[in-house]
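Data first, discussion second: the structure below is written as structure tokens.
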Amino acid sequence: SDMSVGTTANMKLGEFKVHKTEGNARRATLMTAHGPVQTPVFMAVGTKATVKAMTPEELKDCGTQVVLGNTYHLHLRPGEKTIKKMGGLHKFMNWHGPILTDSGGFQVFSLSNLRKMSEEGVEFRSHLDGAKYFISPEKSMEIQMDLGSDIIMAFDECLQYPATDAEIEKSMALTYRWLLRSKAAMTRKESLLFGIVQGGLSLEHRLKSLEQVTSVDLPGYALGGFSVGEPIHLMHELLPNVAPKMPAHKPRYLMGVGTPTDLIIAIDAGIDMFDCVIPTRVARNGTIYTWQGKVSIKRTEYREDDSALDPECDCYTCKNYSKAYLRHLFLSGEILGSRLNTIHNIHFYMKLMEKAREAIAEGRWAQFRDDCLTRFVKKSK
Ligand SMILES: O=c1nc[nH]c2cc3[nH]c(NCCN4CCCCC4)nc3cc12
Ligand SMILES: [Zn+2]
């Protein structure tokens, strides 16, 4: 269990202690203002101050350690000034564990009708009501500090895929200049600022961006610019050539990733932290992750199936409900269906990370990795 790595009592804010490694995989602890984070860790995405369909208590019961918030969404609604007045994001959403906030750049490019990009920042219209907004490194830091975020992401430019070499070079240079401005503007001592490495799907540019970003002394570093529509094998091939070259004694965060298979492959490459909407989003669409592969709950074969979603799972949903009932809820569009499927998928992701942490700590990561890849790759039913 997570206690096997000893006490975190006298760890300093921002300290990252690597307890055990096996190949590139690491078992570590990161100390934040809201407590220790045991890695490898999957962070539940709570974009609009809620992890959809789950209460904070249910999140905790599923083993959630860190919740992710979004600068873009919360700036538009209800506004960080309101959240600050209400006591900050932890109090507002009643989540008192560590919170990581994304810096807004990615969401502006993927959600809003972009108006204008400049050295200064990005001007855009809200996807909600078309109102005009402007975000810069300084504005992004101000928003994340007002939210009271424990881990603040630098304001970067996430390049779309595909991109030419010239576009990649231009964009990563801007991301580097914006990183320096982010660091200068992030003055909240309780918060940890993470830099974001870009460089597209080009190893040469990735290593150049890695050199630039890690030349700035920070408590952690992320790999951005992935999971943006590129063929997934390109990321799988690039990771082992980039992740191990990130600072060994700082946390490595792969943004926006991924499926259970992606997580295993990335941990094997040396990644410590992940976030993705997949477990919550696909749950609402009736797709369930299990230790025997994926299950689509709407299938007719489950109509009178009295068994649990996953016989190897001990979550609240698997202990109390049958596939037949969950199929009925899904087909009826019942809210409880979204809730019970989400509870299971989040529990599955957190259990996967817990087992990965134990496997690395006990020197049997390679066996666990191969076992998972065999289980997950099997055809989904
Ligand atoms: O380069 C990035 N910088 C800042 N934040 C990011 C967030 C990201 N999220 C993703 N991918 C999310 C992909 N996700 C996969 C499941 C379906 C919905 C979209 N890439 C990212 C890159 C970045
Ligand atoms: Zn379950």
Side-chain angles (χ1 to χ4, degrees), residues 42-43 45 47 52 58 61-63 68-73 100-111 122 135 137 140 144 151-161 163 168 171-172 174-175 178-179 182 193-201 206 209 213 221-230 232 235 253-260 262-263 266 273-285 287-292 295 297 307-323 326 339-352:
F42 179 81
M43 303 181 283
V45 176
T47 294
K52 296 188 190 312
E58 287 163 340
D61 291 348
C62 288
L68 213 106
N70 261 307
T71 295
Y72 171 84
H73 295 81
L100 179 149
T101 46
D102 197 354
S103 45
F106 177 80
Q107 286 77 29
V108 166
F109 290 101
S110 52
L111 284 170
V122 194
I135 294 194
S140 174
Q144 297 181 73
I151 299 174
I152 290 180
M153 299 310 293
F155 189 70
D156 66 333
E157 183 187 27
C158 173
L159 205 52
Q160 86 286 342
Y161 173 83
I168 294 173
S171 174
M172 61 191 246
L174 177 64
T175 284
W178 279 358
L179 170 60
S182 297
L193 177 66
F194 279 23
I196 304 177
V197 175
Q198 293 290 344
L201 278 292
R206 279 284 164 181
S209 180
V213 168
Y221 300 92
L223 292 178
F226 285 116
S227 197
V228 289
E230 77 279 12
I232 193 66
M235 180 183 80
Y253 166 27
L254 178 56
M255 304 185 82
V257 173
T259 67
D262 294 333
L263 299 189
M273 301 168 70
F274 302 90
D275 86 274
C276 192
V277 295
I278 284 182
T280 42
R281 180 171 298 182
V282 304
R284 298 194 300 276
N285 191 33
T287 297
I288 307 298
Y289 284 103
T290 80
W291 292 102
Q292 306 84 34
V295 164
I297 195 59
S307 70
L309 287 175
D310 183 346
E312 296 180 73
C313 180
D314 62 350
C315 82
Y316 168 72
T317 301
C318 290
K319 285 194 292 199
N320 293 287
Y321 305 95
S322 66
K323 286 194 182 80
L326 292 165
R339 280 182 41 69
L340 295 175
N341 290 351
T342 302
I343 284 168
H344 168 82
N345 274 358
I346 286 292
H347 182 275
F348 177 82
Y349 264 66
M350 298 309 167
K351 185 60 77 180
L352 178 64

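The model shown is predicted, which means the values in this text are computed figures rather than measured ones. Whatever order the structure lists ligands and atoms in, that order sets their numbers, starting from 1.
Protein N/O/S atoms closer to the Zn ion (ligand 2) than 2.8 Å number 4 in this structure.
Residue R281 places no N or O, backbone or side chain, under 3.5 Å from any N or O of ligand 1. Remark: ligand 1 and Q107 share no N or O pair separated by less than 3.5 Å (distance only, no angle test). Considering backbone and side-chain atoms together, S103 places no N or O closer than 3.5 Å to any N or O of ligand 1.
Using modelled atom types and a 3.5 Å distance limit, the side chains of N345 and T342 yield no donor-acceptor pair. Under the 3.5 Å distance criterion, with hydrogens and angles disregarded, no donor-acceptor pair is assigned to the side chains of D61 and H347. With 3.5 Å as the limit, one finds no donor-acceptor pair spanning the side chains of E157 and Q198. Donor-acceptor pairing under 3.5 Å is lacking for the side chains of D102 and Y72. For the 3.5 Å distance criterion, the side chains of K52 and T280 fail to qualify, holding no donor opposite an acceptor.
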Step-by-step side-chain contact (heavy atoms from CB on, under 4.5 Å) determination, M43 to L100
CA-CA 8 Å; M43 303 181 283; L100 179 149; 3.9 Å; yes
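Rounding to the nearest 0.5 Å gives a distance of 12.0 Å between CG of N341 and CD1 of I346. Annotation: the span from E312 atom CD to W291 atom CH2 amounts to 8.0 Å, rounded to 0.5 Å.
Looking only at heavy atoms of the protein, atom 16 (C) of ligand 1 is closest to I278 CG1, 3.7 Å. In terms of protein heavy atoms, atom 5 (N) of ligand 1 is closest to D102 OD2, 2.8 Å. Here the heavy atom of the protein found nearest to atom 3 (N) of ligand 1 is D156 OD2, 2.7 Å. Annotation: atom 11 (N) of ligand 1 to nearest protein heavy atom, S227 O, 3.0 Å.
By the salt bridge (Lys or Arg N to Asp or Glu O under 4.0 Å) test, E58 pairs with R339, sequence neighbours left out.
Atom numbering of ligand 1 starts at 1 in the shown order; those under 4.0 Å from a heavy atom of G224 are 1 (O), 2 (C). Per-residue contacts place V277 under 4.0 angstrom from the following atoms of ligand 1 (heavy atoms of the residue considered): 16 (C), 17 (C), 18 (C).
Heavy atoms of V257 found under 4.0 angstrom from ligand 1: none, in either backbone or side chain. When heavy-atom distances to ligand 1 are checked against a 4.0 Å cut-off, Q198 comes that close only through its side chain, counted from C-beta outward.
Side-chain contact between L309 and T317: present, with at least one pair of heavy atoms (C-beta onward) separated by less than 4.5 Å.
Distances from atom 19 (C) of ligand 1 to the protein include no heavy-atom value under 4.0 Å.
In terms of modelled atom types and a separation under 3.5 Å, the side chain of H344 and the main chain of A283 share no donor-acceptor contact.
Counting only non-hydrogen atoms, the option in G229, G105, G256, G225 that gets closest to atom 22 (C) of ligand 1 is G225. Atom 8 (C) of ligand 1 has its nearest heavy-atom neighbour, among F155, Y161, F106, in F106.
Ring-centre distance between Y316 and Y321: below the 6.0 Å cut-off. Between F42 and Y349, the gap from one ring centroid to the other is short of 6.0 Å.
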